Participant: 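Just dropping this structure here.
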Number of protein chains: 2
Amino acid sequence: MPSTRNELDAKDLAILELVQRHGDWSHAEIGRQIGLSVSAVNDRIRRLVADKTITSWAATIDPAALGLHLLAFVNVLIDRSEAIPTFTAAIGEYAEIQECHHLAGEWNYLLKVRVRTTAELERFISDELKAKLKVTRTFTTIALDSIKDTHALSVRP
Amino acid sequence: MPSTRNELDAKDLAILELVQRHGDWSHAEIGRQIGLSVSAVNDRIRRLVADKTITSWAATIDPAALGLHLLAFVNVLIDRSEAIPTFTAAIGEYAEIQECHHLAGEWNYLLKVRVRTTAELERFISDELKAKLKVTRTFTTIALDSIKDTHALSVRP
DNA sequence: CCTGAAAGAGAAGCTCG
DNA sequence: CGAGCTTCTCTTTCAGG
């Protein structure tokens with residue numbers, strides 16, 4: 001078995017472009033758009049999933065419908081290096097953390113956090129990040145509005 | 001038609017929790033997990049979509065499979081207010097921009113950008129953001145690694 | 001990559017607890 | 001309100017060329 005991933009041809013890219021925006025379209029619909037038979041689309045999608053080029057399928061939910069009206073970006077600094085493994089291991093457990101990226105530069109991590117209220121954000125930062133996870137310092141920025149918020153990637157030849 | 005959205009009960013939340021992580025599961029499978037019949041699941045999901053509680057379905061693609069090896073967060077400052085409508089209108093056109101949030105604080109916007117190389121990032125910032133979109137100043141941070149990167153939301157009663 | 005047949009899932013109807 | 005059941009339709013899956 002090849003450890004290198006197969007190259008993606010133009011039709012694979014066209015499929016990826018469609019499914020990342022319309023994960024609910026039938027293979028027939030996709031095939032119609034890009035000029036492929038249903039089973040060809042089926043074969044390709046199956047290969048892309050086996051490849052792990054497609055890693056998952058998901059429904060996108062409106063945060064407001066769940067009362068998650070506050071979006072914040074929290075920069076995190078952790079001074080003591082022994083606190084880092086605990087921190088990275090715990091991130092997955094927090095449903096309010098949508099993203100956690102390890103950064104180059106002044107701060108260690110950038111968190112994208114969704115909560116209901118500022119009180120909840122305050123509690124999350126104080127009790128969870130600082131108290132439990134031994135975060136040294138944080139710098140938080142509130143998002144007023146999201147112009148764009150997708151996971152769709154740039155699909156180009 | 002009611003403009004107010006219906007309240008979500010515990011089973012709606014359970015469905016949302018499942019479909020935001022497993023958008024490809026059949027209604028039968030979902031029903032099995034939460035103790036509902038296929039048609040009950042069917043009805044509820046349909047209502048959640050009509051509601052716009054579920055806004056879309058999507059396949060998640062591994063950025064590395066598309067050669068998008070560089071993730072950067074670009075803080076944007078726009079001094080001249082007349083440049084803002086052009087900026088916000090153009091954001092949607094750029095496939096390399098995954099997210100654009102309007103911020104409270106020192107910077108106007110935070111962009112989450114995925115490109116192939118640092119050269120591409122440089123070109124994007126200089127030619128697109130600064131030259132075309134009249135961005136005054138930028139501050140860019142590179143992500144070394146993503147501990148977590150999901151759109152799944154905190155689903156709680 | 002296609003055709004063609006079989007299995008499976010979703011949608012809509014209904015009746016019954 | 002949801003379960004259960006039937007029927008129809010569309011989709012997915014799997015031969016085999």
Side-chain angles (χ1 to χ4, degrees), chain A residues 1-2 4-62 65-67 151-153 155-157, chain B residues 1-62 65-66 151-153 155-157:
Chain A
M1 62 189 82
T4 60
R5 192 177 270 166
N6 295 331
E7 281 307 302
L8 303 172
D9 68 15
K11 298 205 165 164
D12 288 328
L13 295 178
I15 288 173
L16 291 173
E17 177 65 29
L18 288 174
V19 296
Q20 78 180 163
R21 288 178 215 283
H22 309 286
D24 54 338
W25 283 12
S26 71
H27 297 175
E29 182 60 38
I30 293 167
R32 211 170 296 131
Q33 299 277 332
I34 66 179
L36 233 46
S37 73
V38 175
S39 49
V41 172
N42 203 337
D43 290 348
R44 281 168 180 268
I45 289 181
R46 190 199 295 270
R47 203 196 67 236
L48 292 166
V49 170
D51 265 348
K52 302 205 198 301
T53 297
I54 293 173
T55 55
S56 67
W57 302 85
T60 308
I61 301 171
D62 178 8
L66 296 173
H151 264 187
L153 301 175
V155 173
R156 288 189 323 190
Chain B
M1 64 191 81
S3 74
T4 60
R5 191 176 274 165
N6 295 331
E7 281 305 302
L8 304 172
D9 67 14
K11 296 204 166 165
D12 288 328
L13 296 178
I15 289 173
L16 291 173
E17 176 65 28
L18 287 175
V19 296
Q20 78 178 163
R21 290 179 213 281
H22 310 286
D24 54 339
W25 282 12
S26 72
H27 297 177
E29 182 61 37
I30 293 167
R32 211 169 297 130
Q33 299 278 331
I34 64 179
L36 233 47
S37 73
V38 175
S39 47
V41 173
N42 207 331
D43 290 349
R44 281 168 179 267
I45 289 182
R46 191 201 301 269
R47 203 196 68 235
L48 291 166
V49 170
D51 266 348
K52 302 205 198 302
T53 297
I54 293 173
T55 55
S56 66
W57 302 85
T60 307
I61 300 170
D62 177 9
L66 296 173
H151 265 188
L153 301 175
V155 172
R156 288 191 321 193

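Just so it is clear: chains get the letters A, B, ... in the order the sequence lines come, proteins before strands, and each one is counted from 1. Keep in mind that what you see is a predicted model, and the values were worked out from it rather than measured.
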Participant: Hey, which of these two, B/Arg44 or A/Trp25, hits DNA chain D nearer its 5' end, going by closest nucleotide?
Facilitator: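 Nearer the 5' end of the strand: B/Arg44.
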
Participant: Nearest of C/dA9, D/dC5, D/dT13 to any side-chain atom of B/Ser39?
Facilitator: D/dC5

Participant: I need the CD-P distance between B/Glu29 and C/dG8, as an integer number of Å.
Facilitator: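 These atoms are roughly 15 Å apart.
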
Participant: Nearest of D/dT13, C/dC2, C/dA9 to any side-chain atom of B/Ser26?
Facilitator: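 Side chain of B/Ser26 sits closest to C/dA9.
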
Participant: Looking only at side-chain atoms of B/Asn42, point me to the closest of C/dC2, C/dA11, D/dA3.
Facilitator: C/dA11

Participant: Is the backbone N or O of B/Ala40 less than 3.5 Å from a side-chain atom of B/Asp43, with the two atoms forming a donor-acceptor pair by type?
Facilitator: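 Looks like no, no N/O pair under 3.5 Å.
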
Participant: Heavy atoms only, 4.0 Å cut-off, all strands: where does A/Val38 land among base, sugar-phosphate and nothing?
Facilitator: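 Contact class for A/Val38: base.
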
Participant: Please give, in whole Å, the distance from D/dT12 P to A/Ile15 CD1?
Facilitator: 12 Å

Participant: Counting only side-chain heavy atoms from C-beta out, which of D/dA3, C/dA12, D/dC14 sits nearest to B/Ala40?
Facilitator: D/dA3

Participant: Provide, to the nearest angstrom, the distance between the CD atom belonging to B/Glu7 and the C1' atom belonging to D/dC1.
Facilitator: 17 Å

Participant: Report the nucleotide, chosen from D/dG2, C/dA12, D/dT13, that has the shortest atom-to-atom distance to any side-chain atom of B/Asp9.
Facilitator: D/dG2

Participant: Is any side-chain nitrogen or oxygen of A/Arg46 closer than 4.0 Å to OP1 or OP2 of D/dC14?
Facilitator: yes

Participant: So which nucleotide from D/dA3, C/dC1, C/dG10 ends up closest to the side chain of B/Leu36?
Facilitator: D/dA3

Participant: What is the distance from CG of B/Asp24 to C1' of D/dT13, rounded to the nearest Å?
Facilitator: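 In whole Å, D/dT13 C1' lies 15 Å from B/Asp24 CG.
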
Participant: Find the distance B/Arg32:CZ to D/dA3:P and express it as a whole number of Å.
Facilitator: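 Answer to the nearest Å: 14 Å.
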
Participant: What integer distance in Å separates A/Asp43:CG from D/dT12:P?
Facilitator: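 These atoms are roughly 13 Å apart.
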
Participant: Can you measure from CG (B/Leu8) to CG (B/Leu48) and round to the nearest 0.5 angstrom?
Facilitator: 6.5 Å

Participant: Any idea which of C/dC2, C/dA11, D/dG4 is nearest the B/Ser37 side chain?
Facilitator: D/dG4

Participant: What integer distance in Å separates B/His27:NE2 from C/dA11:C1'?
Facilitator: 10 Å

Participant: Do side-chain atoms of A/Thr55 reach the backbone of B/Thr60 as a donor and acceptor pair under 3.5 angstrom?
Facilitator: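 Confirmed, A/Thr55 side chain pairs with B/Thr60 backbone.
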
Participant: Is there a side-chain contact between B/Val41 and B/Gln33 (heavy atoms, below 4.5 Å)?
Facilitator: no

Participant: With a 4.5 Å limit on heavy-atom distance, are the side chains of B/Leu18 and B/Glu29 in contact?
Facilitator: no

Participant: Rounding to a whole Å, what distance do you find between A/Arg47:CZ and D/dT13:C1'?
Facilitator: 17 Å

